[in-house]
Amino acid sequence: MCAALPTQSNDFPAWYGDVVRRAGLAEHAPVRGAMVIKPYGFAIWEAIQRELDDRIKATGHENFYLPLFVPMSVLAQEGDLVEGFAPEVAVVTEAGGKKLDEPLAVRPTSEAVIWSTYARWVQSYRDLPLLYNQWANAVRWELRPRLFLRTSEFLWQEGHTAHETEEEAVAETLTILHDVYADTLENVLAIPVLRGRKSESERFPGAVDTYTLEALMRDGKALQTATSHYLGQGFARAFGVRYTGRDGSDQYPYATSWGATTRLVGGVVMAHGDDRGLRLPPRVAPHQVVIVPIVRQDDRAAVLEAAGAIAEDLRAAGVRVRVDDRPDHRAGFKFNEWELKGVPLRIEIGGRDLAAGTVTVARRDTG
RNA sequence: CGGGGAGUGGCGCAGUCUGGUAGCGCACCCGGCUGGGGGCCGGGCGGUCGCAGGUUCAAAUCCUGUCUCCCCGACCA
């Protein structure tokens with residue numbers, strides 16, 4: 001195993017890349033800007049996903065799923081959207097060995113497919129609101145990719161809602177910002193955020209207002225961790241989503257969209273990590289406690305049994321525990337490895353502890 | 001797109017200036033000793049040096065072209 005990491009103060013980008021790779025979160029894939037998310041990294045994402053999904057559902061939304069491909073003609077129906085995403089859209093021009101009659105965009109975001117679908121779903125004010133979310137991947141050919149923070153393909157959730165009134169849509173935008181995103185960031189990921197509104201030039205293409213959460217990373221830079229857009233009636237008009245209102249007249253619904261991505265994993269790394277590696281918030285740590293049995297040949301069985309018993313007790317209490325009984329590594333190696341991987345709490349138990357009826361406990365966060 | 005850097009066993013690198021047919025650390029495999037902070041000893045497996053041309057008796061090394069990746073900036077979740 002290699003020696004120490006680059007330090008944050010010397011070279012933060014090198015530190016970041018090294019931690020992501022050596023902690024087993026992700027690695028580069030053969031395609032430019034694409035990444036392989038490894039099991040340990042994906043487990044963190046799954047935990048974040050669960051927390052976000054619970055809150056999305058608690059605020060009244062349902063999940064659905066729409067296709068990866070968007071016909072170019074559909075994407076083009078909303079002018080700002082095509083224009084805004086044109087530089088980073090990947091397009092499929094050939095399939096089944098033939099040139100396609102119409103090129104297909106790989107979704108950079110799903111407003112277009114979704115609103116062309118909503119056109120069929122909204123006929124009356126009685127059909128509103130539509131409060132839907134999807135967990136999906138999206139592709140944006142960004143100029144400068146970075147693991148988790150900006151990858152060509154990323155995973156996210158994107159919510160797309162339709163409302164009868166502007167007030168209701170704006171309220172939705174803010175509910176998501178506060179009750180879903182800020183709550184997850186602060187209370188699950190332990191990352192304080194500033195809630196803000198984007199300037200006109202930074203707004204999502206086609207949006208009336210874009211709200212954002214900005215979080216401070218340990219290199220002193222801010223990271224945009226989630227966005228919630230109030231879209232007004234632009235998308236409804238562009239995609240012909242009209243319904244009969246309470247007074248019998250034609251109306252356009254008001255829209256919102258909002259998203260949070262795998263970037264959040266990178267945010268956790270950069271907001272909490274130190275020169276020894278990751279420090280994971282317990283709520284999203286794949287292993288909240290690791291037990292390292294310290295064994296010799298003569299006390300191996302007894303120590304492992306004691307370690308197993310502690311693990312069972314903790315599991316019964318709802319704690320995610322890993323007993324590191326790998327015989328091929330010594331204790332010191334494991335200490336370093338689990339610190340690199342950011343496990344919040346380590347319990348060491350050996351022959352001496354057994355005799356004394358104690359264990360040794362080390363917290364990762366106080367390093 | 002502008003500015004840097006780099007492509008050599010799985011990973012990280014040296015060798016390139018001063019051509020002579022590949023080396024180191026880690027990892028991996030086998031054996032033994034060890035076992036409370038990244039153990040030690042011995043023995044192994046594994047690469048023709050991004051790609052394509054060219055020069056030469058001989059190219060990782062020189063020449064030409066080309067592709068890719070990483071970092072910084074602008075753009076972005």
Side-chain angles (χ1 to χ4, degrees), chain A residues 1-6 11-18 20-22 24 27-35 48 52 84-89 107-109 136-158 181 185 198 201-205 210-215 219 221-229 257-267 276-277 292-300 303 325-340 346-356 358-360 362 367:
Chain A
M1 177 57 72
C2 342
L5 294 162
D11 191 343
F12 199 89
W15 169 87
Y16 177 81
D18 231 40
V20 167
R21 188 155 28 84
R22 284 170 57 181
E27 57 192 36
H28 292 285
V31 174
R32 173 182 175 278
M35 68 173 167
I48 295 173
L52 285 172
F85 283 103
E88 42 196 79
V89 173
R107 64 180 161 219
T109 180
N137 55 350
V139 169
R140 295 182 191 175
W141 224 252
E142 299 285 356
L143 295 179
R144 195 157 77 75
R146 266 188 95 185
L147 290 173
F148 286 112
L149 302 173
R150 203 187 305 97
T151 46
S152 311
E153 176 188 357
F154 56 90
L155 306 183
W156 71 343
Q157 61 64 217
E158 48 177 328
Y181 295 149
L185 263 291
K198 289 289 198 183
S201 64
E202 294 176 313
R203 263 179 220 148
F204 178 81
T210 287
Y211 295 88
T212 173
L213 295 184
E214 301 282 342
D219 59 354
K221 294 182 181 169
L223 182 73
Q224 183 178 306
T225 50
T227 46
S228 185
H229 316 288
S257 73
W258 25 278
T261 76
T262 30
R263 170 180 284 182
L264 289 175
V265 177
R276 305 185 70 95
V292 179
I294 297 157
V295 301
R296 290 186 316 238
Q297 277 166 14
D298 56 340
D299 62 13
R300 180 178 191 83
V303 171
D325 57 0
R326 290 175 297 172
D328 308 322
H329 295 290
R330 312 181 129 212
F333 177 92
K334 295 177 181 177
F335 297 163
N336 282 288
E337 179 169 283
W338 291 118
E339 280 166 12
L340 173 65
R346 180 178 72 238
I347 296 176
E348 307 165 17
I349 177 164
R352 295 210 291 266
D353 295 295
L354 226 51
T358 63
V359 295
T360 303

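Bear in mind that the values here come from a model prediction, so they are computed numbers and not experimental data. Throughout, a chain's letter reflects where its sequence line sits, starting with A, and its residues are numbered from 1. Any value given below was found using the heavy atoms of this structure, including those in side chains, with hydrogens, waters and symmetry copies removed.
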task = May I ask you to verify whether the side chain of A:Arg346 and the base of B:G37 hold a donor-acceptor pair under 3.5 Å?
result = yes
inquiry  = Please give the distance between the C1' atoms of B:C70 and B:G65 as a whole number of Å.
reply    = 23 Å
query = What is the nucleic acid contact for A:Arg300, judged by heavy atoms within less than 4.0 Å: base, sugar-phosphate only, or nothing?
reply = nothing
key: Which atom of A:Ala215 lies closest to which atom of A:Thr225, heavy atoms considered   = CB-CG2, 3.9 Å
request  = Check if the side chain of A:Glu339 and the base of B:G37 share a donor-acceptor pair of N or O atoms closer than 3.5 Å.
outcome  = yes
message = If you go through the side-chain atoms of A:Arg150, does one of them form a donor-acceptor pair with the base of B:C76 closer than 3.5 Å?
response = yes
inquiry  = Rounding to an integer number of Å, can you tell me how far A:Trp141 CH2 sits from B:U68 C1'?
reply    = 13 Å
query = Under 4.0 angstrom, heavy atoms only, what part of the nucleic acid is A:Gly259 near: base, sugar-phosphate, or nothing?
reply = nothing
Centroid separation A:Phe204 to A:Phe85 less than 6.0 Å = yes
remark   = Atom CZ of A:Arg263 and atom C1' of B:A77 are separated, to the nearest Å, by 4 Å
request  = Taking atom P in both B:C63 and B:A22, compute the distance separating them and give it to the nearest angstrom.
outcome  = 23 Å
request  = Using atom CD1 of A:Ile294 as one end and atom C1' of B:G37 as the other, report the distance to the nearest whole Å.
outcome  = 9 Å
Paired nucleotide for B:C57 [Watson-Crick or G-U wobble; both distances under 3.5 Å] = B:G20
ask   = Is the phosphate of B:G37, meaning OP1 or OP2, less than 4.0 Å from a side-chain N or O of A:Arg330?
value = no
ask   = Which part of the nucleic acid, if any, lies within contact of A:Asp11, taking any heavy atom under 4.0 Å across all strands shown: a base, the sugar-phosphate backbone alone, or nothing?
value = nothing
task = May I ask you to decide if A:Val292's main-chain N or O and A:Glu348's side chain share a donor-acceptor pair within less than 3.5 Å?
result = no
Which residue lies more 5' along RNA chain B, comparing A:Ala14 with A:Glu88 via nearest heavy atoms = A:Ala14
inquiry  = By the 4.0 Å heavy-atom rule, please label A:Gly351 as base, sugar-phosphate, or nothing.
reply    = base
request  = May I have the distance from A:Arg21 (atom CZ) to B:C69 (atom P), rounded to whole angstrom?
outcome  = 17 Å
ask   = What nucleic acid atoms does A:Pro145 come within less than 4.0 Å of, heavy atoms only: base, sugar-phosphate, or nothing?
value = sugar-phosphate
query = Considering only the P atoms, how many Å lie between B:G10 and B:G54, rounded to the nearest integer?
reply = 28 Å
task = Using a 4.0 Å heavy-atom cut-off across all strands, classify A:Thr109 as base, sugar-phosphate, or nothing.
result = nothing
message = Once you apply a heavy-atom cut-off of 4.0 Å, does A:Ser228 come out as touching a base, just sugar-phosphate, or nothing?
response = nothing
ask   = Taking any strand in view, what nucleotide pairs with B:U48 in a Watson-Crick or G-U wobble way, both distances under 3.5 Å?
value = none
key: Rounded distance in Å between the C1' positions of B:C49 and B:A14   = 12 Å
task = Considering only atom C1', compute the distance from B:A74 to B:G12 and round it to an integer number of Å.
result = 32 Å
inquiry  = On the side chain of A:Gln297, is there an atom forming a donor-acceptor pair with the base of B:G35 - under 3.5 Å, no angle test?
reply    = yes
key: Partner nucleotide, any strand, of B:G73 [Watson-Crick/G-U, under 3.5 Å]   = B:C1
request  = Could you state the atom-to-atom distance from NE2 of A:His329 to P of B:G36 in whole Å?
outcome  = 15 Å
message = So A:His28, base contact, sugar-phosphate only, or nothing? Heavy-atom distance under 4.0 Å.
response = sugar-phosphate
inquiry  = Under 4.0 Å, counting only non-hydrogen atoms across every strand here, what does A:Arg146 touch: a base, just sugar-phosphate, or nothing?
reply    = sugar-phosphate
query = Would you say A:Glu339 and A:Arg346 make side-chain contact, with heavy atoms under 4.5 Å?
reply = yes
request  = Please determine, for B:G31, whether a Watson-Crick or G-U wobble partner exists with both distances under 3.5 Å, and give it or none.
outcome  = B:C41
key: Nucleotide opposite B:G25 in a Watson-Crick or G-U pair, distances under 3.5 Å   = B:C11
query = Is A:Arg326 salt-bridged to A:Asp328, going by a charged N under 4.0 Å from an acidic O?
reply = no
key: side-chain contact (heavy atoms from CB on, under 4.5 Å) partner of A:Leu149, the single match among A:Arg263, A:Glu142, A:Arg144   = A:Arg263
inquiry  = Measuring from the side chain of A:Thr227 (C-beta onward, heavy atoms only), which nucleotide among B:A77, B:G36, B:G38 has the closest atom?
reply    = B:A77
inquiry  = Base, sugar-phosphate or nothing for A:Gln224? Non-hydrogen atoms, less than 4.0 Å.
reply    = sugar-phosphate
request  = Taking the side chain as every heavy atom from C-beta outward, state whether A:Pro327 and A:Arg300 have any pair of such atoms under 4.5 Å apart.
outcome  = yes
key: Expected output: side-chain A:Arg140 to main-chain A:Pro108 donor-acceptor under 3.5 Å   = yes
message = When the C1' atoms of B:G50 and B:G38 are compared, how many Å lie between them, rounded to an integer?
response = 34 Å
message = Closer than 3.5 angstrom, by distance alone: can the side chain of A:Thr262 be matched with the main-chain N or O of A:Leu155 as a donor-acceptor pair?
response = yes
query = Quick one: A:Glu202 CD to B:C76 C1', roughly how many Å, whole number?
reply = 10 Å
5'-most by nearest nucleotide on RNA chain B - A:Thr151 or A:Ala29 = A:Ala29
request  = Ignoring backbone atoms, establish whether A:Lys221 has a side-chain N or O less than 4.0 Å from OP1 or OP2 of B:G73.
outcome  = yes
task = Could you tell me the separation between the CD1 atom of A:Ile349 and the C1' atom of B:G36, rounded to a whole number of Å?
result = 12 Å
key: Spacing of the P atoms in B:C69 and B:C26 (rounded, Å)   = 32 Å
ask   = From B:G38, B:G36, B:C75, pick the nucleotide closest to the side chain of A:Glu348?
value = B:G36
query = Within the pair A:Arg144 and B:A74, is there a side-chain N or O less than 4.0 Å away from OP1 or OP2?
reply = no
request  = In whole angstrom, give the distance that lies between atom CG of A:Asp353 and atom P of B:G36.
outcome  = 13 Å
message = With rounding to the closest Å, how many angstrom separate the C1' atoms on B:G44 and B:G37?
response = 30 Å
